[in-house]
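Only one structure is covered here, and it is reproduced in the block below.
Residues: numbered from 1 along the sequence shown. Counting starts at 1 for both ligands and their atoms, following the listed order.
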Amino acid sequence: MSPARSDGVRLRSHEWLLGRDELGFQHRGALRQLGLDMDGYVGQPVIGIASSWSELNPCNLSLRVMAEAVKAGVRQAGGIPLEFPTLSLGEDLMKPSAMMYRNLMAMEVEENLRAYPLDGVVLLGNCDKTIPAQLMAAASADLPAIQLNGGPRLAGSFRGRRVGSGTDLWRLWDEVRAGRLSEAEFEEVEKALYSGPGSCNVMGTASTMSALAEALGMMPAGSSSAVVNDKQRYATATAAGARIVEMVKDDLRPSAILTPAAFDNAVRVLLALGGSTNAVLHLLAIAGRALVPLTLERIDAASAAVPCLVDVQPAGSGLMEDLHAAGGVPAVMKRIAQWLDLDARTISGRSWKALLSEIVYAENETIRSLDRPVAPAPTLAVLRGSLAPSGAVLKVAAASRDLHRHQGPAVVFDTYAEMLARIDDPGLEVTPDSVLVLRNAGPKGGPGMPEWGMLPIPKKLQQAGVRDMVRVSDARMSGTSYGTCVLHIAPESAVGGPLALVRTGDRIRLDVGARRLDLEVPEEELGRRRAGWVPVESPHLRGYPLLYLKEVLQANEGCDFDFLRPRSESARRFVGPVVGRS
Ligand code: FES
C-alpha cells in the first residue's frame, strides 16, 4: 500500500507523523495512546470521522453505530480512522434556534480539520442543521470528504394510521385548538411521533438536506432515505470508510464536486421533492463557501420548470420510507434527468450519468410521472416587491391555491411573544382575508430566524373552519410545515427593512404568478415612518450571540457569517497549521 497520494504528493498527516525528531515522536505517541500500533505506521492516510452524535440531539443517536461501521471500512482500506465529536444541533431542544448555531458548528468542524493531522473526513449528521454545517465546513476545508446521514426514524401509528413527524403534529395540534381532538389523544400522538432515534420521517429539512447532499454528489447515491435501522445503511457506512481512503489517494476534493452544475442539480431535486424552504438558505450558504454564484434568481428560474413529483408529506401524503422503497433520490434524479447536468461528478469518482445508467425502478405512486405531478411548477417561488426588496420565499406546493393571488389588511405582531399572547384573543380584529404579519424574527431579529413563520390560525377562525391564511414574516418555517406562509423576507425588519414599517390595517398584496409581495402604502408615508423607526434593542451583549448579530448575512445570502465566505479563489485556500511545537 502506498502511503502517499496517487500523484506522489505527501499526505497532510505526514507533516505530523513521519518526522524522526522529537515532534514526530510526540505526535505518533499521541496515537499510541489510542492503542494504535504505530510500529506498523508507514504513512497510512488518517481519516477523521466528524460525529454529531449527542443525547442532546436524539435525531442523531444512530451515528455512534454508523461511526463504527465507517471505521471498519477505513481500516479495511488501510487507513487510520479517528472519530471526533462536534457540536450537535438538535432542532427540537435547541433555543432560540438551531439555525443560530449552524455557523458555529461549521466553524468548529472546519477548525478541527485544520488543526489536526487529517487527510480526509467522513461527516456524520442527521438533524436539520447538522448536514448543512458539515457541508459548509467541507467546502471551506476542501479536504476529501464524504457526507453520511443517520436516516429517518421509523413511522409511528395513531388510530391505525401512520403518522409523519412534524407535519402530523401541526395538523393534529390544529385539531386540538379547534376542539376536535382531546389533550389525552394528543398525548398518544406524541408517543407515536417520537417513536425512536432518527430524523423526521417526512420531507422536512433533515430529509431534504440529506437528499440534496446526495444530489450535490457528496453523499453515497441512494443512501439518504434508508430508515435509521436499515441494514444497508451500515454496509453503506463501511463502504464510505473504504472509499474515503481512495479519495485521499486520488485527491478528490469537494472543490471538484461542489461545482455550479452540482448546485443547479440540487436546486432541481429540491423542487421535485417539494422540499424544505430552509434548503434555500443552506444551499446559498454552502455555495458561498464554494465560491459558486448561486442566487435567489437562479433558484427561481429553475422553479418555473420542475414540478413536485414526490408524494411525501408535507407537499404529499407519504413518508420517507415510501420514497426509499420507490428508489430514493437517484430514482427522482432519473425522473427529472432532462433538467440535470449529468456530467456532474460525485464522491464515487463517477458522473451522475454513469450512476443513473445503472438505476432501474418500477413505476410507482411515490415518485410520480411528469404528467401526473403532486404539484405543478412552481413548487417554490422567490417573491420580490416593496415589502421584500431583496427577496422572500414561498413554498407554493404547500400553499392554498386560492390564496396565490390575495390582497388583505395586515394584522401586525411585533414579536413572537406578542403574537402568542394575542393570536387567540377573541377580541383580535381579524378575518380570513387578513394577512398575519410577524416581524423581528429574522437572522438578527430572532436571532437566528426561528421557525415561527407558520403563524397559527387565530382560534376563532380555526373553529369557524378556516384552514389557511396568508402569513408573512422574516422568520423561517419548519420543513414539515405547510400553509401560505411567505418567509425569509429580506432585508429583515431588525435592520430596517420595509417589514419594520407595516402597520395593522395596511393592505398587503401577494401575487405568486407575478412573483410579487407588495405593501400598498405610498412611498411618502413609508418615508415618514422610516424617519421615526427605532430598532429593537438586542439583549445579547457578549459571546457567540453578539458575534452572530454582528456578522450574520441576510436570508437572501444564506445567513452565513460575512467573514467565513471567501471573496476569491486565493482567499478560499485552506491554510493548515505550521506543524511545530504547540
Ligand atoms: Fe431532528 Fe426533525 S427534529 S430531524
Using 4.0 Å as the upper bound for N to carboxylate O, is an ion pair formed by [Y] and [X]?
X: Asp322; Y: Arg162; value: yes
X: Asp264; Y: Arg298; value: yes
X: Lys71; Y: Glu83; value: yes

Quiz item: Parallel under 30°, tilted from 30 to 60°, perpendicular over 60°: which one fits the rings of Tyr416 and Trp452?
Solution: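 Answer is parallel, since the angle falls under 30°.
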Quiz item: Listed by chain and number, what are the salt bridge (Lys or Arg N to Asp or Glu O under 4.0 Å) partners of Arg439, not counting sequence neighbours?
Solution: Asp414
Quiz prompt | Within-4.5 Å side-chain heavy-atom neighbours: Ile347 and Ile257 | solution = yes
Quiz item: Listing by chain and number, what protein N/O/S atoms are under 2.8 Å from atom 2 (Fe) of ligand 1?
Solution: Cys200 SG
